[in-house]
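Notes for the one structure printed next.
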Amino acid sequence: MPPVVRIAPSPTGDPHVGTAYIALFNYAFARRHGGRFILRIEDTDQERSSRSSEDAIFEALRWLGLEWDEGPDKGGPNGPYRQSERLDIYREHIDRLLATGAAYRCFCTRERLDELRRAQVAAKVEHPGYDRHCRGLDPAVGAARAAAGETHVVRLAVPTEGDIVVHDRLRGEVRFGVAQVDEQVLMKSDGFPTYHLANVVDDRLMGVTHVIRGEEWLSSTPKHVLLYQAFGWEPPEFYHLGLLRNADRSKLSKRKNPVSVFYYRTLGYLPETFLNFLATLGFSMQDGRERFSLDELVANFDLSRVSVGGPVFDPVKLAAWNGEDMRAMPVDELVARIQRDVLSTTRLTRMVELSRERISRLDDFIPFASFFFGASIDLRPVLGEFALKGRTRAEVIDVLALFLEDIEKDRAARSFTKESIETFSRGFCERTGWKTKEIFGLLRLAVTGRVAAPPLFDTLAACGKDRVRLRLRETIDTLRALPE
RNA sequence: GGCCCCAUAGUCUAGCGGUUAGGACGCGGGGUUCUCAUCCCCGAAACCCGGGUUCGAGCCCCGGUGGGGUCACCA
């Protein structure tokens, strides 16, 4: 029977390199064995999910050439592929669990749970978690209270003794004592399922045979195993891959590395090289060759040759390979790629509009517009400009760091249009009490490396979110590294 | 901190009881070149520690150490 695999990202923020990494292995496995690769959107967090970041996931995966067989945008026999559109299905399954006692209603208030957690943390209990307060509740009473409209959640009833064994095909038997498995919420008070429930139900209903995902999920897999048991289902095969790491070996994070797939596209990495690089982080070819195409990967893919240690994502090696591949390309094709990705008419038009008033010869355009391109810029000529009257260097560093952090959280600013950046930036100045002149000046310096440039917000938008973010981060690092 | 996972050069990896421990990025040196880059050649650089098992352990077992993940009405 051909395998069925899936990638199940949640549409929050930018499309993550880690998602691409996991998608790649799922894709390769499905293609290698003539199976199906499903894209399912896990948007059960109403707070954080957005349609724009869902679109970004599609775009990122397609840029890499990891096309799926079934998904929200193209349908398929197992739809809908958006969890927010499958609420009835989860409701039905929750009822089944409720009926058999595998789950129970919980009416505890947020306050009680907060208090409970606080007490547990203070007492340093071994296994903090829900105290099963509502577990003893008569199901009939629970049902009546729910019917009367009382807010509640539904929790998983975990056995009180024994071990839960997870069979991981990459790691062997992994055993969890029942005491470490929390009585997780399966259905939230807003009627949405949590990841655990939705994930198990969907994988089953969609016929998923192999769950290939990140190691971060390993410790919640016993809950999933319990759910499969409760439904009387055979669990799929589990493969937990090591997580991509920063240079300091912590989990890859945007504080320390560009993690948006779009960053790599913006800066002109070749998608095929990027994919090749990701593949070698967790997989090695039988014959030892490490430069290969997606098709070659598919032809040789073997899950048993996937490594489980969390690899450090080394941008230097990626860049070296990218250069190699650019040199190996026929020059016509290189030119075509540059015209398409770097100097498209759309982008060129925008940059020319922003530059024309400031240049007097056609040929001036290229040197003038240099800050629209590339990654780092040379800050040395303007380093002195970062010294603001009445502000210490530490204050300048902190305010830039705060700006970077806050703009990330701002929902509207995520679109990174001229307007949204301006609105955010003005609000930022009001909140922090910094003058717009100060903040706008710092941003201009950090991103363009100049004291004079086209209108700031147009410029930031034209440079793009990922480039701006990178330059702000590098400015902060540069200022920090400066001698007293 | 509890639980779980992981452990070959700085980094990514090969190895699957007997190898001069292989490759790649990076680094050093040399050659080609007006410069730089490319390209080619050469080199330095690793089996975390301690116990076992075995005629023999990077490979198997146990312990330690180190790193990571996870402990939400987020995924």
Side-chain angles (χ1 to χ4, degrees), chain A residues 8-13 16 18-19 40-49 83 106 108-110 113-114 116-117 120-121 123-130 151-155 163-164 166 168 170-182 184-199 213-223 240-252 276-291 304-324 326-328:
Chain A
S10 70
T12 55
H16 200 276
T19 304
R40 181 174 71 221
I41 296 294
E42 307 232 336
D43 58 349
T44 55
D45 185 344
Q46 295 189 78
E47 278 296 300
R48 299 195 305 157
S49 298
Q83 292 185 328
C106 167
C108 290
T109 60
R110 207 61 93 137
L113 296 176
D114 288 347
L116 177 67
R117 185 158 311 118
Q120 287 176 338
V121 170
K124 293 190 174 142
V125 290
E126 296 279 86
H127 307 293
Y130 183 59
T151 33
H152 65 284
V153 300
V154 177
R155 285 180 187 275
D163 283 351
I164 300 159
V166 172
D168 183 292
L170 258 21
R171 298 157 198 261
E173 269 191 10
V174 186
R175 205 167 276 277
F176 296 85
V178 105
Q180 315 138 32
V181 183
D182 192 20
Q184 261 288 328
V185 170
L186 299 177
M187 180 153 294
K188 305 182 243 184
S189 55
D190 63 2
F192 274 59
T194 56
Y195 170 82
H196 307 287
L197 197 252
N199 179 268
R213 74 219 313 183
E215 187 185 358
E216 52 197 333
W217 297 109
L218 185 55
S219 52
S220 50
T221 308
K223 291 166 194 166
H240 289 95
L241 271 53
L243 263 25
L244 262 24
R245 315 279 188 92
N246 298 308
D248 65 3
R249 299 206 162 276
S250 55
K251 174 162 98 167
L252 196 68
N276 181 191
F277 175 71
L278 282 184
T280 59
L281 256 26
F283 172 79
S284 59
M285 287 280 202
Q286 178 89 53
D287 63 8
R289 112 189 92 127
E290 46 187 7
R291 303 309 312 277
S304 70
R305 293 192 61 84
V306 168
S307 61
V308 291
V312 171
F313 184 97
D314 178 8
V316 175
K317 185 167 181 175
L318 205 212
W321 281 13
N322 204 63
E324 233 172 64
M326 282 171 57
R327 290 188 290 275

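Lettering of chains follows the sequences in order, A, B, ..., and the numbering in each one begins at 1.
If you check every strand for non-hydrogen atoms under 4.0 Å, A:Arg213 touches nothing. A:Ser49 comes within 4.0 angstrom of no nucleic acid atom, judged by non-hydrogen atoms across all strands.
Pairing of B:A44, defined by two Watson-Crick or G-U wobble distances under 3.5 Å, is not identified with any nucleotide. Taking a pair to require two hydrogen-bonding distances under 3.5 Å in either a Watson-Crick or a G-U wobble arrangement, B:A7 pairs with B:U65. Base pairing of B:G58 is not made with any nucleotide, judged by Watson-Crick or G-U wobble geometry with both donor-acceptor distances under 3.5 Å. Summarising the base pairing, B:A72 is matched to no nucleotide, lacking a Watson-Crick or G-U wobble pair whose two defining distances lie under 3.5 Å.
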Table of protein N/O atoms under 3.5 Å from nucleotides 73-75 of chain B N/O atoms:
unit_1	atom_1	unit_2	atom_2	d
B:C73	O2'	A:Arg110	NH1	3.4
B:C73	O2	A:Ser189	N	2.8
B:C73	O2	A:Ser189	OG	2.8
B:C73	N3	A:Ser189	OG	3.0
B:C74	OP2	A:Lys188	NZ	3.1
B:C74	O2'	A:Asp45	OD2	2.8
B:C74	O2'	A:Arg48	NH2	3.1
B:C74	O2	A:Arg48	NH2	3.1
B:A75	OP1	A:Thr44	OG1	2.7
B:A75	OP1	A:Lys188	NZ	2.7
B:A75	OP2	A:Tyr195	N	3.2
B:A75	O3'	A:Glu42	OE1	3.0
B:A75	O2'	A:Ser10	OG	3.1

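A cation-pi geometry, defined here as NZ or CZ lying under 6.0 Å from the six-membered ring centre and within 45° of its normal, does not hold between A:Arg245 and A:Phe313.
Only the C1' atoms considered, B:C27 is 9 Å distant from B:A45, to the nearest whole Å. As rounded to the nearest Å, B:C47 and B:G64 have P atoms that lie 23 Å from one another. B:C34 and B:A21 have their P atoms separated by 43 Å, given to the nearest Å. Nucleotides B:C48 and B:A14 are separated by 14 Å at their P atoms, to the nearest Å. Taking atom C1' on both nucleotides, B:G63 is separated from B:A7 by 15 Å, rounded to a whole Å. Look at the C1' atom in both B:C3 and B:G43: the space between them is 47 Å, to the nearest Å. The separation of B:G31 from B:G68, taken at their C1' atoms, amounts to 45 Å, rounded to a whole angstrom. A gap of 49 Å separates the P atoms of B:G69 and B:U35, to the nearest Å.
Atom-to-atom, CZ of A:Phe176 to P of B:G2 comes out at 16 Å; the value is rounded to the nearest Å. Separating the CZ atom of A:Phe277 from the P atom of B:U11 is a distance of 14 Å, rounded to the nearest angstrom. Taking atom CZ of A:Arg291 as the reference point, atom C1' of B:A14 lies 17 Å away to the nearest angstrom. The interatomic distance linking A:Lys223 (NZ) with B:C4 (C1') rounds to 12 Å, in whole Å. A straight line from CG of A:Asn322 to P of B:A37 spans 19 Å, rounded to a whole angstrom. Atom P of nucleotide B:A37 and atom CE of A:Met326 are separated by 17 Å, given to the nearest angstrom. Atom CD of A:Glu290 is separated from atom P of B:C25 by 7 Å (rounded to the nearest Å). Rounded to an integer number of Å, the gap from A:Asp287 CG to B:A14 C1' is 11 Å.
The nearest heavy atom of RNA chain B to A:Gln180 and to A:Arg249 marks one nucleotide each, and the one closer to the 5' end goes with A:Gln180. Between A:Trp321 and A:Leu281, the residue whose closest nucleotide on RNA chain B is further toward the 5' end is A:Leu281.
Put simply, A:Ser219 has no side-chain N or O that comes within less than 4.0 Å of OP1 or OP2 on B:G69. Contact check, A:Ser250 against B:G68: no side-chain N or O comes under 4.0 Å of OP1 or OP2. Between B:U13 and A:Lys317, no contact under 4.0 Å exists linking OP1 or OP2 to a side-chain N or O. For the OP1/OP2 pair of B:A24 and a distance below 4.0 Å, the side-chain nitrogens and oxygens of A:Arg289 include no atom meeting the criterion.
With a 4.5 Å cut-off on side-chain heavy atoms, A:Arg213 and A:Leu241 do not count as touching. Inter-residue side-chain proximity for A:His152 and A:Cys106 is flagged as unmet; no heavy-atom pair is nearer than 4.5 Å. You'll find the side chain of A:Pro193 stays beyond 4.5 Å of the side chain of A:Lys188, heavy atoms only. With contacts defined as side-chain heavy-atom distances shorter than 4.5 Å, the pair A:Met187/A:Arg155 does not qualify. Taking 4.5 Å as the limit, some side-chain heavy atom of A:Glu324 sits within range of a side-chain heavy atom of A:Arg291.
With hydrogens and angles disregarded, a donor-acceptor distance shorter than 3.5 Å links the side chain of A:Asp168 to the backbone of A:His240. Formation of a donor-acceptor pair under 3.5 Å by the A:Asp182 side chain with backbone atoms of A:Tyr130 is found in this model. Remark: side-chain polar atoms of A:Asn246 are not paired, donor with acceptor, to backbone N or O of A:Val312 under 3.5 angstrom.
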